[in-house]
Structure formats: structure tokens, C-alpha cells
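So the structure is just underneath, and the comments pick up after that.
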2 protein chains.
Amino acid sequence: MRRAEKKDFLLDTAIRLFNRHGYHATGVDRLIEETGIAKTTLYRHFASKEDLIVAALARVDEQARDEMRIFVEAASEDPSTRILATFDQLALWLKDPEFKGCPFVAAAAEYGGAADPVFQQARLHKRLYLAYIEELVRAARIKDPKVVAQQLIMLHEGAIAYAQVLGTDGVAAVAKHAAERLIGERK
Amino acid sequence: MRRAEKKDFLLDTAIRLFNRHGYHATGVDRLIEETGIAKTTLYRHFASKEDLIVAALARVDEQARDEMRIFVEAASEDPSTRILATFDQLALWLKDPEFKGCPFVAAAAEYGGAADPVFQQARLHKRLYLAYIEELVRAARIKDPKVVAQQLIMLHEGAIAYAQVLGTDGVAAVAKHAAERLIGERK
DNA sequence: TCGGTTCGATACCGATCGGTTCATATACGC
DNA sequence: GCGTATATGAACCGATCGGTATCGAACCGA
């Protein structure tokens, strides 16, 4: 395995473990045991566990927003339909057996200091996500795009939290119906 | 300080520390240092840290739902207005400088196993909260009360997550406007 | 083939984790 | 006033935490 491959393998495994057990609960020893990669190698790629977490979040952010963008663009050309398609992509995520709630919200909860790099990375993701949704809303020529984008994000986040604690059955579809009501007759 | 007082003091302090730093990150040693109560005494009241967490969550659940019920009943007699009042109570919570996101969602994230007592306590709270909202929706004679209650819960949870990561300014009001749209013309 | 350099596995570091043991202090029944 | 039961604090437990030092192996151009 090459250098860069090892780094990616570490990150992917870390993401899996962090999602499954949480950030504090996932020890560095566990990660090196799971990957078979030496601790020294890990610390050559990442200065600290915090650094690793930030890198993992950045990777998840990139993947998640890419997948969403690709899905939405493939779903439809109609701007309003594209907005609703975000909830179909959400449904795919919730159905994943590895789904355990939003990694960014969890990270923000475990590293709550506003100055904490982990928290800032989580906030960055949400900002970028919000900006993307707002972009979709503007494309649909909906009034008050900022407010509507916030409301759509809330439906996303709410569906994720609901699914995490109470179960995923039909949650995304229910959120999608709410979104239809929010963006309908509002141009 | 009497026995029962010590137990309450332990629980209240634990709740504060758990909210501020997370569950794994808050050590038992830190809690006993903060309260000045001996570790032996703590373990006489609670069998384990997990037991303490469950008790803390149960206490927060009780307090949160009581406060919401009292606020809503004082706000109005009109069922629809009462539904919207839940977002005003939410606004109060978000404004609290100690606010750090939903303690139950955080607990569910850190103790993700569905069989984990901590997770089950978190789920119990959400179930009771959902049941209360559904009760309000039924009182307002709104169609599809189960679905609408789910959507309102999603707005609550979404507003909480949004506020936790991106800031609290005006979030509850924006969620309230979305709720108005969801329950309007739907009887 | 050699000398030098980078790399990785192991053993180890002090600190802290959740939890327990035990000896002492205190309160209370007789 | 005395003996007993209970509550307490402090010292301690093995395990694990994030992070390092050491030392041998693999690899490099010459």
C-alpha cells in the first residue's frame, strides 16, 4: 500500500469508527488496530487526533456535497424539482445501515467550543450546505430565498435527528412533503 | 447537605457538564471535583456512570416537557396558537447561553447502540415529546395529525441543530413561520 | 555493493479513565 | 456513656487515553 493510500485508508476507517462510536469513544489505538497501520505512520500523516478528526470531517464534507450535487443534477432540470430531490438523496443516506445521525452535529456536540478547530470544520460544512440549498432556491425564483433555504435546511437536519433517534421509516418522505408546502405558491 | 440534596446537586452539575463538554469527555473525577462530593457517595447513588447519565437524561426530559407544557398552556387557549407557541418556548431555550444543542441527540450519538440504556432514554424523551406535539395537533383538528406532528418535530429538531452549529439568531422565528405554513389551511 | 536516509513496528510514557477498598469519622439506639 | 451501624474521604486498582522514543528493515542513488 502506497503512502497516499494509507492516508486515505486511515481516514475512511476513522470516519466509519467515528460515526459508529463517536469521537471521544474511538481511541487511536482502536483505529490502528482496525487498519493494521502503525501508530507512527498515523502520526506522520496527522499531527494529532484532533487533526485527524478535522481531516476526516473535511473528507466527509466533500463526499457528501459531491454526492448531493451529482444526484440533484441527475434528478431533474426543473429548479423546484431539484429542491425536492435533495430529500430523495437524504432518504438514500438514512437507509444506509451505517447511518448514525449527522457526523457534523455530533462533532459539534463533542467539541463544543466555538474556537475549537473541530467545531469550526463542522460549521464550515453546514455553511457550505446551506449555501448550496440557497443556490437551488434562488434558481427556482422563490421569494425570500435566504429564509426558505434556512427552513429547508431545518427540515433536512430535523429529519436526520428524528431518524437517528426514532427510526428512519418514511422520515425523508414526510420531510419532502413539508418542503413541497414550503416552496409551493411562493414564487 | 442532605442525602437527597446531594443526589440532586450531583445530577444538576452532571447535566451542566455533559451539555458543555459531552458525555465521554466529562469524567467522573471532574464531576466529583466540581461538586466537592466524594466518589463513594456518587457511587452509592448511582451504580455506574451510565446509570448517572440515564438519570440525568430522565431529569432533563421531565424538566423540559414540564416547562414546555406550562409555557404553552399559559400562552393561549387556542389550539393552533398553542402549536406555534412551542416555537416561542424553543426560542427561549436557544437564547440560553448554556445552550449547546439537544442533549438527547448528543447522547444518542455518543451511545449509538439501539440496545444501550442511554440511547433508549434519549428515544423515550423524543417519543414523549412527539406524543405531546401530536396531542396539540389533534386539539387543533388538523388533518393527518401524525404526519403534521412529525413535521413540526422536524422543524424543532432542525432549528436546534441549526442553532447549535450556525448560531441562534432568529432561528426559532424562521422555524415558526414554516410551522405556520404547515398547519395553515389544513383543517 | 555500498552508505545514507526514510520508514514502520514495538515498547513505552505520564495522565486519566471508570470503579473499588479500606480505614476513619460521625450519627444514633440503648 | 457506650457500642454499633453507616457515611465519608483518600488512596489505590488495572485499563486505556493520546502521544513518543527507539531501533531494525527496506529502499535509494552512486
Side-chain angles (χ1 to χ4, degrees), chain A residues 1-57 106-107 109-113 115-119 121, chain B residues 1-11 13-57 103 106-107 109-113 115-119 121:
Chain A
M1 203 183 293
R2 294 200 173 289
R3 234 183 83 97
E5 290 174 26
K6 284 200 177 182
K7 184 168 185 175
D8 286 348
F9 185 47
L10 276 169
L11 278 177
D12 289 336
T13 308
I15 289 167
R16 214 182 65 237
L17 293 178
F18 287 150
N19 280 336
R20 202 178 295 175
H21 306 290
Y23 297 89
H24 283 94
T26 302
V28 174
D29 289 341
R30 186 127 178 228
L31 178 58
I32 65 118
E33 185 197 346
E34 197 93 2
T35 55
I37 292 171
K39 208 186 260 197
T40 318
T41 309
L42 188 156
Y43 277 98
R44 184 169 302 106
H45 286 298
F46 307 101
S48 63
K49 184 187 181 183
E50 181 179 83
D51 202 53
L52 169 70
I53 294 173
V54 171
L57 289 179
E110 290 200 46
Y111 300 87
D116 193 299
V118 174
F119 182 88
Q121 187 68 38
Chain B
M1 204 183 292
R2 298 194 173 284
R3 283 174 56 251
E5 290 174 26
K6 285 201 177 183
K7 183 167 185 175
D8 286 348
F9 185 48
L10 276 169
L11 278 177
T13 308
I15 288 166
R16 215 182 64 237
L17 293 179
F18 287 150
N19 280 337
R20 202 177 295 174
H21 306 290
Y23 296 89
H24 283 94
T26 301
V28 174
D29 289 340
R30 187 132 178 223
L31 178 58
I32 66 118
E33 185 197 346
E34 196 95 359
T35 57
I37 292 171
K39 207 186 263 197
T40 320
T41 310
L42 187 155
Y43 276 98
R44 223 180 67 264
H45 287 297
F46 307 100
S48 64
K49 185 187 180 183
E50 181 178 85
D51 202 53
L52 168 71
I53 295 174
V54 171
L57 288 179
E110 289 201 45
Y111 300 87
D116 192 299
V118 174
F119 182 88
Q121 187 68 37

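Because the structure is a prediction, the values reported are computed rather than measured. Here is how names work: the chains are called A, B, and so on, in the same order as the sequence lines, proteins then strands, and each is numbered from 1.
Here the C1' atom of nucleotide C:dC17 and the CG atom of B:L42 are 14 Å apart, to the nearest Å. Separating the OH atom of A:Y43 from the P atom of C:dA9 is a distance of 16 Å, rounded to the nearest angstrom. Atoms NZ (A:K7) and P (C:dC7) sit 13 Å apart, rounded to a whole Å. For A:E33 and C:dT10, the CD to P distance is 12 Å, given to the nearest whole Å. Rounding to whole angstrom units, CG of residue B:L10 and P of D:dT8 are separated by 10 Å. For the pair B:H45 NE2 and C:dG19 C1', the interatomic distance rounds to 17 Å; values are reported in whole Å. Atom-to-atom, CZ of A:R44 to P of D:dG19 comes out at 16 Å; the value is rounded to the nearest Å.
The side chain to side chain contact (heavy atoms under 4.5 Å, CB included) search around A:V54 returns A:P117, A:V118, A:Q121, not counting sequence neighbours. Checked against salt bridge (Lys or Arg N to Asp or Glu O under 4.0 Å), A:R20 has the following partners two or more places apart in sequence or in another chain: A:E98. Listed by chain and number, the residues in a side chain to side chain donor-acceptor pair (under 3.5 Å) with B:E33 amount to none (sequence neighbours excluded). Residues satisfying the side chain to side chain contact (heavy atoms under 4.5 Å, CB included) test with A:S48, not counting sequence neighbours, are A:E50, A:D51. Residues that satisfy the ring-ring contact (aromatic ring centres under 6.0 Å, His included) test with B:H21, not counting sequence neighbours, are absent from this structure. For A:K49, there are no side chain to side chain donor-acceptor pair (under 3.5 Å) partners at least two apart in sequence or on another chain. Partners of A:D12 by salt bridge (Lys or Arg N to Asp or Glu O under 4.0 Å), not counting sequence neighbours, listed by chain and number: A:R59. Partners of B:D29 according to the side chain to side chain donor-acceptor pair (under 3.5 Å) rule, which considers only residues two or more places apart in sequence or in another chain, are B:K39. Every residue meeting the side chain to side chain donor-acceptor pair (under 3.5 Å) condition with A:E34, not counting sequence neighbours, appears here in chain and number order: A:R16.
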Spell out protein contact along nucleotides 9-15 of chain D as letters: B when the base is contacted, S when just the sugar-phosphate is, - when no protein heavy atom is under 4.0 Å; keep the 5' to 3' order.
BB-----
Taking Watson-Crick and G-U wobble contacts under 3.5 angstrom, with | marking pairs to another strand and [ ] crossing pairs, the secondary structure of DNA chain D is written |||||||||||||||||||||||.|||.||
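Contacts with DNA chain C (heavy atom under 4.0 Å) in residues 24-32 of chain B: B:T26, B:G27, B:V28, B:D29, listed by number.
Within the 4.5 Å cutoff, side-chain heavy atoms of B:L57 are placed close to those of B:Y23.
Remark: aromatic rings of A:H24 and A:Y111 are close, center separation under 6.0 Å.
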